Amino acid sequence: MNHVSARSSGRRTTPPRLRAALVSIVTGVVAVGTTVALASSASAGTTLGAAAAETGRYFGAAVAVNRLSDSVYVGILNREFTSVTAENEMKWDATEPSPNQFTYASGDKLVSHAEANGMRVRGHTLAWHQQQPRWTAVLSGTALRNAMLNHVTQVATHYRGKIHAWNVVNEAFADGGSGARRDSNLQRTGDDWIEAAFRAARAADPGAKLCYNDYYTDGQNPKSNGVYAMVRDFRARGVPIDCVGFQSHFTAQSPVPSDYQANLQRFVDLGVEVQITELDIEGSGSSQADSYSRVVSACLAVSRCTGITVSGIRDTDSWRSSATPLLFDGNGAKKAAYTSTLDALNAGGTTVPPTTPPPTTPPPPGDGACTAAVSVNSWPGGFVTTVKVTAGPAGLDGWVVNLPLPSDATVTNAWNAQHTGTSGAVSFRNVSYNGTVGAGAGTEFGFQGTGNGPTGTATCARA
Ligand code: XIL
């Protein structure tokens with residue numbers, strides 16, 4: 001659909017626009033824009049968030065939590081945006097600086113800000129070859145795979161119910177013409193690391209949409225073809241993937257591709273949603289404004305392109321500030337690109353269909369490959385726990401059980417399993433002789449500790 005037909009289809013979608021406006025009033029996000037929208041069916045949203053809401057979409061920004069003390073920054077954020085993505089605060093190095101020791105303070109601040117202002121949160125990112133903590137550098141093979149799965153499980157569990165969509169895996173495909181996976185420490189743990197990460201994320205937070213996110217995938221090219229093949233394969237095999245994020249970092253050398261919309265559409269045709277996740281466009285003036293308009297119009301023309309996130313607020317907040325790639329200048333003033341973006345949103349387009357509600361029966365804890373039944377024998381000051389691992393219909397060649405312990409509990413020793421950590425969320429992995437478990441068969445391990453024994457649910461997953 002070109003820009004002109006997007007406009008005309010926008011006029012046909014008056015009832016959904018009104019519906020979206022009412023939703024916006026209920027959530028209290030965009031009161032000014034909605035008042036105008038209700039006054040006349042031909043009226044326009046006066047902020048990015050209000051205008052996007054008219055077709056059921058969100059308009060978000062990547063936010064650096066340390067800038068939330070800047071009143072100009074926060075003023076624009078709260079006025080214009082309906083979704084936030086943590087620029088760095090939910091990445092692996094930020095959330096797990098030491099093995100199995102998690103720090104959520106910064107990410108939590110962003111979530112609180114979003115909740116207080118009726119914004120969605122996009123989680124970024126659970127598994128990525130960059131911005132890993134230093135301690136992963138010495139890990140490889142099973143140890144790194146388990147560390148990654150534990151990370152995914154713990155972080156997604158911590159934010160369970162608060163994240164609209166998670167970028168579960170980021171940038172796993174190689175640049176250039178191969179269409180192959182990128183070489184990385186995570187890739188070297190085995191080709192199935194991506195699906196393992198998605199399964200662990202689904203088990204930890206069944207309500208979040210789970211996305212694959214990458215750059216240079218914005219048009220049809222060998223790299224996006226590689227991602228496309230993976231998503232098609234995942235959908236065919238029931239690997240839980242709901243969405244694909246297109247970072248959309250554009251420069252003079254790498255402008256918005258002419259097949260941008262067609263590329264979004266072919267992913268949607270695989271049964272996933274798409275989102276534009278880190279939009280920024282190098283340049284200034286009308287050429288930058290035109291490029292923004294093209295991107296926004298393309299998303300609005302694709303019914304399951306559900307939202308757009310720009311990779312910061314003011315040019316001076318950008319990770320590549322010399323490219324002046326954002327919608328507000330360093331003083332917080334609206335640029336020409338802002339106006340063209342708002343106009344493109346107000347031109348209307350397809351309306352996002354209602355999302356499928358999350359499953360009413362939650363899937364079994366873990367990835368469905370196994371279950372873990374816990375029995376505890378405790379006495380004042382100590383306990384012994386026995387865990388029975390039962391394999392699902394496919395059998396197991398390795399398993400990991402995650403079990404939250406009460407705050408005063410410490411594991412002193414374990415048998416028939418090796419454990420990561422001694423307190424908090426402890427994970428137990430098979431040892432050499434009990435990783436292979438036939439379909440429906442079981443194996444037992446145990447551990448002893450001081451303090452109170454576990455009362456929470458154990459999750460079991462393939463390792
Ligand atoms: C960038 C951040 O904006 C910077 O603050 C940080 O120093 C490096 O990472 N792809 C991604 C983003 O997925 O998380 C990156 O963000 C930019 C590239």
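Since the structure is predicted, the reported quantities are computational estimates derived from the model, not experimental observations. What you see below is based on every heavy atom in this structure, not just the backbone, and it leaves out hydrogens, waters and symmetry mates. Each ligand, and each atom within it, is numbered from 1 in the order the structure gives.
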| Which protein heavy atom lies closest to atom 16 (O) of ligand 1, and at what distance to 0.1 Å? | K91 NZ, 3.5 Å
| Does the cation-pi check pass for R266 over Y228, that is, NZ or CZ under 6.0 Å from the six-membered ring centre and within 45° of its axis? | yes
| request: May I ask you to identify, for T125, whether its side chain, its backbone, both or neither come under 4.0 Å of ligand 1 on a heavy-atom basis? | output: neither
| query | If you measure every N/O of H124 against every N/O of ligand 1, is any gap under 3.5 Å? | reply | yes
| field | Centroid separation H249 to W319 less than 6.0 Å | value | yes
| field | Side-chain donor or acceptor of Q101 paired with backbone N/O of P97 under 3.5 Å | value | no
| message | If the threshold is 4.0 Å, N to carboxylate O, is there a salt bridge linking R182 and E171? | response | no
| task | Using atom types as modelled and distance alone, determine if a side-chain donor or acceptor of T103 lies under 3.5 Å from a backbone N or O of A94. | result | yes
| For ligand 1, which part of N167 has a heavy atom less than 4.0 Å away: the side chain, the backbone, both, or neither? | neither
| For E195, which of R235, R202, R237 qualifies under salt bridge (Lys or Arg N to Asp or Glu O under 4.0 Å)? | R237
| query | Which of the numbered atoms in ligand 1 are below 4.0 angstrom from a heavy atom of E278? | reply | 10 (N), 11 (C), 12 (C), 13 (O), 17 (C), 18 (C)
| request: Using distance alone, decide if ligand 1 has a nitrogen or oxygen within less than 3.5 Å of any nitrogen or oxygen in N213. | output: no
| query | Does an N or O anywhere in W319 fall below 3.5 Å from an N or O of ligand 1? | reply | no
| query | So which bit of Q130 gets within less than 4.0 Å of ligand 1, heavy atoms only: side chain, backbone, both or neither? | reply | neither
| Between D218 and K223, is the closest basic N to carboxylate O distance under 4.0 Å? | no
| request: State whether D205 and K162 are salt-bridged, where the test is any N-O pair (Lys NZ or Arg NE/NH1/NH2 against Asp/Glu carboxylate O) under 4.0 Å. | output: no
| said: Any nitrogen or oxygen of E171, side chain or backbone, less than 3.5 Å from one on ligand 1? | reply: yes
| field | Nearest non-hydrogen protein atom, atom 6 (C) of ligand 1 | value | N88 OD1, 3.4 Å
| Taking the six-membered ring for Trp, are the ring centroids of Y215 and F246 within less than 6.0 Å of each other? | no
| note | atom 2 (C) of ligand 1 has as its nearest protein heavy atom E87 OE2, 3.4 Å
| note | So the atoms of ligand 1 within less than 4.0 Å of a heavy atom of Q131 turn out to be 8 (C), 9 (O)
| query | Numbering the atoms of ligand 1 from 1, which are under 4.0 Å from a heavy atom of N170? | reply | 11 (C), 13 (O)
